[in-house]
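Worksheet: one structure, shown below.
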Amino acid sequence: MKKRGKIEYIAAYMIICFTGLLMLFSFSVKEVRQNEIFIKDGLDSACLAAALIDLEDYAKDRFIFIPNYEYNRQIFLNALKENLNLNNDYTPKEKALFDRITVHEFIIYNIADGELYTYRYSDGKMPVLKTEGYDKNKRTPDGTLIESSTIYADIGMNVTSFAGVTKYVHVKSSVDVVNN
């Protein structure tokens, strides 16, 4: 009696292995994306926390302006640590799928008297305050139109899934203070 079906068994085994690897990769990509969404939510909340305007000026003439740049940046950093459950060195307090978070850029835009005031803090360098004429088509680095005081932030971190897939993720957010 001849043995038959060896090639069929090998082919079936290869298809099952390939399908398993494809499913594992799909789950890993989904897990990385879910973490990216979680981090984006924390970043959005931190930007909103930092969007503090001068309420006295607003009460007088409904003028929207973020006056204390460094104070607002500290509020942003503290809110980011709180929202994402981070230590003081921006590493997760508990085991997480992402590593140390780096704040690549934090920018506050203010519009006053036809001028655009930009406070830019990037990659640990000294903050820079720049003034230029306001152009109604001016946008933040993520493409948000600057119509009033706006806060923009860009953070990055390595996100690793349970299967070992690691991806460096940039998460960006813009929040503007509007007068309704």
Donor-acceptor pair, distance only, cut-off 3.5 Å: does the side chain of [X] make one with the backbone of [Y]?
X      : Y      : result
Asn72  : Ala50  : yes
Thr144 : Thr140 : no
Asp135 : Asn137 : yes
Thr150 : Ile146 : no

**Item:** Side-chain cluster (under 4.5 Å, hydrophobic types only) that Ile10 belongs to, other residues
**Value:**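 Ile10 shares its hydrophobic cluster with Met14.
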
**Message:** Restricting to non-hydrogen atoms, name the atom on Ala79 and the atom on Ala46 that form the minimum distance, rounded to 0.1 Å.
**Reply:** CB-CA, 3.8 Å

If you count every heavy atom of other residues, nucleotides or ligands that lies below 6.0 Å from [X] atom [atom1], does the total exceed 12?
X     : atom1 : answer
Ile7  : CD1   : no
Glu70 : CD    : yes
Asn88 : CG    : no

**Asked** Run the side chain to side chain contact (heavy atoms under 4.5 Å, CB included) check on Thr118 and Leu116 step by step: do they pass?
**Response** CA-CA 6 Å; Thr118 305; Leu116 178 65; 3.9 Å; yes

**Prompt:** side chain to side chain contact (heavy atoms under 4.5 Å, CB included) between Glu105 and Tyr121: does it pass, once the steps are laid out?
**Reply:** CA-CA 6 Å; Glu105 279 193 308; Tyr121 174 83; over 6 Å; no

**Request:** May I ask you to check if Arg100 and Tyr90 form a cation-pi contact, with NZ or CZ under 6.0 angstrom from the six-membered ring centre and within 45° of the axis?
**Result:**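 Judged by the rule (NZ or CZ under 6.0 Å from the ring centre, within 45° of its axis), Arg100 is not positioned above Tyr90.
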
**Request:** Examine Lys138 relative to Tyr109 and say whether NZ or CZ is less than 6.0 Å from the centre of the six-membered ring and inside a 45° cone about the ring axis.
**Result:**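 Cation-pi check for Lys138 and Tyr109: fails.
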
**Asked** Going only through I, L, V, M, F, W and Y residues with side-chain contacts under 4.5 Å, is there a path from Leu48 to Leu86?
**Response** no

**Message:** Using the rule given for side chain to side chain contact (heavy atoms under 4.5 Å, CB included), can you reason through Leu21 versus Met23, listing the C-alpha separation, both sets of side-chain angles and the distance that settles it, and then say yes or no?
**Reply:** CA-CA 5 Å; Leu21 288 173; Met23 287 177 56; over 6 Å; no

**Request:** Please list, chain by chain and in numerical order, all residues satisfying side chain to side chain contact (heavy atoms under 4.5 Å, CB included) with Leu145, sequence neighbours excluded.
**Result:**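 Applying side chain to side chain contact (heavy atoms under 4.5 Å, CB included) to Leu145 gives Arg139, Glu147.
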
**Asked** Do you see a donor-acceptor pair shorter than 3.5 Å between the side chains of Thr166 and Asn158?
**Response** no

**Request:** Decide yes or no on side-chain hydrogen bond (donor to acceptor under 3.5 Å, both in side chains) for Asp176 and Ser148, but give the supporting numbers first.
**Result:** CA-CA 6 Å; Asp176 58 347; Ser148 66; 4.6 Å; no

**Test ring pair (Phe, Tyr, Trp, His ring centres under 6.0 Å) applied to Tyr119 - qualifying residues, sequence neighbours left out** = Tyr69

